[in-house]
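The next block holds one structure in the form of structure tokens; read it before the comments.
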Amino acid sequence: MPHNQHYDVIVLGAGAAGLFAAIAAGQRGRRVLLLDHADEPGKKILISGGGRCNFTNLHCAPDRFLSANPHFAKSALARYTQHDFIALVRKHGIAFHEKTLGQLFCDGSARQIVAMLLAEARAMQVDLRLAHRIIGVTRADQFRVVTDHGGFEAPALVLATGGLSIPKMGATGLSHDIARRFGLPLVPPRPGLVPLTFQGELLELMRPLSGVALDSIARCGRIAFREAMLFTHRGLSGPAILQASSYWREGEPLLLDLLPGREAAALLRAAKRARPRAEPRTVLGELLPQRLAQALATQHLPGLRMADLPDRALDALAALLKGWHLTPSGTEGYAKAEVTLGGVDTAALSSRDCQAKSVPGLFVVGEAVDVTGWLGGYNFQWAWSSGWVAGQAA
Ligand code: FDA
């Protein structure tokens with residue numbers, strides 16, 4: 001039996017959070033081993049933001065994160081901010097731009113972010129080992145990680161294997177499982193930033209509209225997002241819907257405004273008076289995408305000309321456009337979810353460094369923790385911030 005190889009810190013998972021934890025610990029002179037079962041590091045970074053990686057958000061703030069403890073993320077986000085990460089990106093000469101709502105994307109490719117992280121890790125002599133299957137983790141006086149390539153020991157272990165989203169890319173619940181075995185509780189995981197599905201009449205209406213996108217406000221409970229929404233062959237997607245999905249619970253309704261900032265009833269009544277001979281679908285087509293206008297006119301405005309329609313029919317459609325109550329049947333699940341909500345319960349972790357309160361030397365960072373950001377670069381910022389604070393202490 002070969003001897004275990006010794007390090008100061010072992011990090012499980014060479015994704016955004018794991019790479020950053022490894023770099024930060026390396027900067028403090030720690031000998032760091034970074035293990036991953038994949039054959040390439042940072043695979044989710046590579047596919048993120050349509051290949052351009054929305055690596056942070058200018059407006060990052062703790063209220064843009066979901067967690068059973070909304071205060072937990074504050075410390076890490078304040079200790080390593082979006083501005084710190086932007087400075088690193090600039091140091092590496094990576095060109096970027098703000099797309100919308102503070103979202104920063106590479107001008108070139110997400111590969112530049114991975115290359116930057118690997119260059120930083122190399123400079124800190126992080127020992128990156130890919131294609132290592134993790135067989136077991138135990139703790140005596142040190143943590144011992146057994147892999148199909150042998151055993152490794154260190155006094156500090158960072159769990160950074162992410163959440164359950166996109167199992168096709170190798171996502172597993174390893175960090176959740178190890179945390180649970182060390183006695184840390186979990187907030188039940190569920191898919192977040194995920195398309196919503198519908199059944200019955202609603203699906204019949206939505207399916208033919210697949211591909212239609214429009215500006216909207218999606219409201220779920222007390223939270224509302226104004227962004228684009230998209231009809232799909234299974235229901236609804238697009239940024240507004242993905243954002244709302246993280247707040248949505250089974251059985252709850254969603255409220256959509258398809259004409260944000262506009263007075264639908266007044267617009268329709270005025271059109272009837274000004275152009276009584278106009279077809280309802282033509283009038284609606286000036287307010288909404290053509291295919292949606294046609295579908296709504298057929299269902300709700302059964303008349304050849306605007307003049308044929310009573311005001312109450314116009315008002316009823318206006319009410320629908322401004323406040324469409326609809327109850328999803330479910331989500332498209334982890335196969336399509338951008339993130340995993342829930343995870344290791346923050347009550348078990350120190351907010352300063354993401355270290356387990358009951359297991360000194362054990363850290364949990366990134367998406368494996370019950371901290372989930374909005375769409376728009378927030379999840380990577382959490383990965384950088386939580387990875388960095390763990391790296392300061394591990
Ligand atoms: P991450 O998933 O990045 O890394 C985990 C690592 O652990 C992986 O390298 C994996 O191979 C490894 N691993 C898993 N199980 C293992 C096991 N059993 N043994 C060994 N290794 C294991 N966010 C954002 O802010 N901006 C964006 O533009 C996007 N875009 C985006 C697009 C798509 C399609 C998805 C799916 C997600 C995004 N996200 C995003 C979310 C973002 O990618 C995500 O929140 C972070 O990558 C989380 O970082 P972690 O390091 O925690 O996990």
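Just so you know, ligand 1 is whichever comes first in the structure, and atom 1 is the first atom listed for that ligand.
Nearest protein heavy-atom neighbour of atom 35 (C) of ligand 1: E338 CG, 3.3 Å. Shortest contact from atom 13 (N) of ligand 1 to any protein heavy atom: H37 NE2, 3.5 Å. In terms of protein heavy atoms, atom 4 (O) of ligand 1 is closest to G15 CA, 3.3 Å. For atom 18 (N) of ligand 1, the nearest protein heavy atom (residue, atom name, distance) is T172 OG1, 3.0 Å. Protein heavy atom nearest atom 53 (O) of ligand 1, with residue, atom name and distance: G162 CA, 3.4 Å. With hydrogens left out, the protein atom closest to atom 34 (C) of ligand 1 is I47 CD1, 3.4 Å, a heavy atom.
A171 does not count as a contact of ligand 1, since none of its heavy atoms falls under 4.0 Å from the ligand. G170 counts as a contact of ligand 1, since one of its heavy atoms falls under 4.0 Å from the ligand.
On a distance-only criterion, V339 and ligand 1 share no N/O pair closer than 3.5 Å. Taking any N or O of D36, backbone or side chain, at least one lies under 3.5 Å from an N or O belonging to ligand 1. Polar contact with ligand 1: present for F380 (N/O pair, distance under 3.5 Å). Considering backbone and side-chain N/O atoms, G376 never comes within less than 3.5 Å of an N/O atom of ligand 1. Polar contact with ligand 1: present for A16 (N/O pair, distance under 3.5 Å). Checked by distance only, ligand 1 and E367 come closer than 3.5 Å through their nitrogen or oxygen atoms.
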*asked:* Let's go through R64 and H59 carefully: what are the C-alpha distance in whole Å and the side-chain angles of both, what is the deciding distance for side-chain contact (heavy atoms from CB on, under 4.5 Å) to 0.1 Å, and is it a yes or a no?
replied: CA-CA 9 Å; R64 278 123 201 252; H59 311 309; 3.6 Å; yes
*CA sep, side-chain torsions, deciding dist, call: S351, S75, side chain to side chain donor-acceptor pair (under 3.5 Å)*: CA-CA 6 Å; S351 63; S75 172; 4.6 Å; no
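Q381 contributes a side-chain N or O that, together with a main-chain N or O of Y80, makes up a donor-acceptor pair within less than 3.5 Å.
Taking every heavy atom of N54 and a limit of under 4.0 angstrom, the matching atoms of ligand 1 come to 24 (C), 25 (O), 26 (N), 27 (C), 28 (O). Under a 4.0 Å criterion applied to the non-hydrogen atoms of I166, ligand 1 contributes the atoms 36 (C). Residue Y378 has at least one heavy-atom neighbour below 4.0 Å for each of these atoms of ligand 1: 25 (O).
Within a 6.0 Å sphere centred on NZ of K43, other residues, nucleotides and ligands contribute more than 12 heavy atoms.
Taking all atoms of both residues into account, the shortest heavy-atom contact from L254 to C220 is CD1-CB, 4.1 Å.
We find the CG-CH2 distance between L196 and W248 to be 6.5 Å, quoted to the nearest 0.5 Å. We find the CZ-CD1 distance between F152 and I10 to be 7.5 Å, quoted to the nearest 0.5 Å.
The side chain to side chain contact (heavy atoms under 4.5 Å, CB included) test with T56 singles out one residue from N379, L104, T81, and that residue is L104.
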